[in-house]
Amino acid sequence: GVCHLASLLYWVAKDAGLEAVAPVRHDFANIPEVPKQFGVSIYAYPGSQATDKMQNLYITNNKDREVVFEFNFDGENLKVTAIENL
């Protein structure tokens, strides 16, 4: 669940030209409908901040405008879009 959502956000961020870093890839297991190069592994290990920092997703807005992630779910499909506000 969390890796799936993080992978979608990473994919959208990269396509939008945002700076996105995912230190640990999720290429050890398939994430349906997400190309392997966008797979992100998210993990929290209580008491180990070093592990947690390595398995996060970091997205930085390097644009001159605000960027909003818009989520649309039609009951069957989820669409995530990055929109630059004017």
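Note that the structure is a prediction, hence the values are computed from the model and not measured.
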When clusters are formed by joining ILVMFWY residues with side-chain heavy atoms under 4.5 Å apart, either directly or through shared neighbours, do [X] and [Y] land in the same one?
X: F69; Y: V2; value: yes
X: I31; Y: F71; value: yes
X: I42; Y: L78; value: yes

Legend entry - Nearest heavy atoms of V40 and C3, plus distance in Å: O-CB, 3.4 Å
Legend entry - Minimum-distance pair of heavy atoms, taken over all atoms of P32 and H4: CD-NE2, 4.0 Å
Legend entry - Candidates V21, L18, V67 - the one meeting side-chain contact (heavy atoms from CB on, under 4.5 Å) with I59: L18
Inset, instruction - Take atom NZ of K79 as the centre, draw a 6.0 Å sphere, and report whether it contains more than 12 heavy atoms from other residues, nucleotides or ligands. - result: no
Legend entry - Q37 CD: over 12 foreign heavy atoms closer than 6.0 Å: yes
Legend entry - For F73, ring pair (Phe, Tyr, Trp, His ring centres under 6.0 Å) partners two or more places apart: none
Inset, instruction - For the pair N85 and R65, evaluate side-chain contact (heavy atoms from CB on, under 4.5 Å) and give the outcome as yes or no after the intermediate values. - result: CA-CA 6 Å; N85 284 340; R65 300 183 183 137; 5.5 Å; no
Legend entry - CA sep, side-chain torsions, deciding dist, call: V12, F38, side-chain contact (heavy atoms from CB on, under 4.5 Å): CA-CA 9 Å; V12 171; F38 297 113; over 6 Å; no
Inset, instruction - Drop me the distance from N56's CG to S41's OG, to the nearest 0.5 angstrom. - result: 10.0 Å
Legend entry - Separation of E70 CD from I83 CD1 (nearest 0.5 Å): 4.0 Å
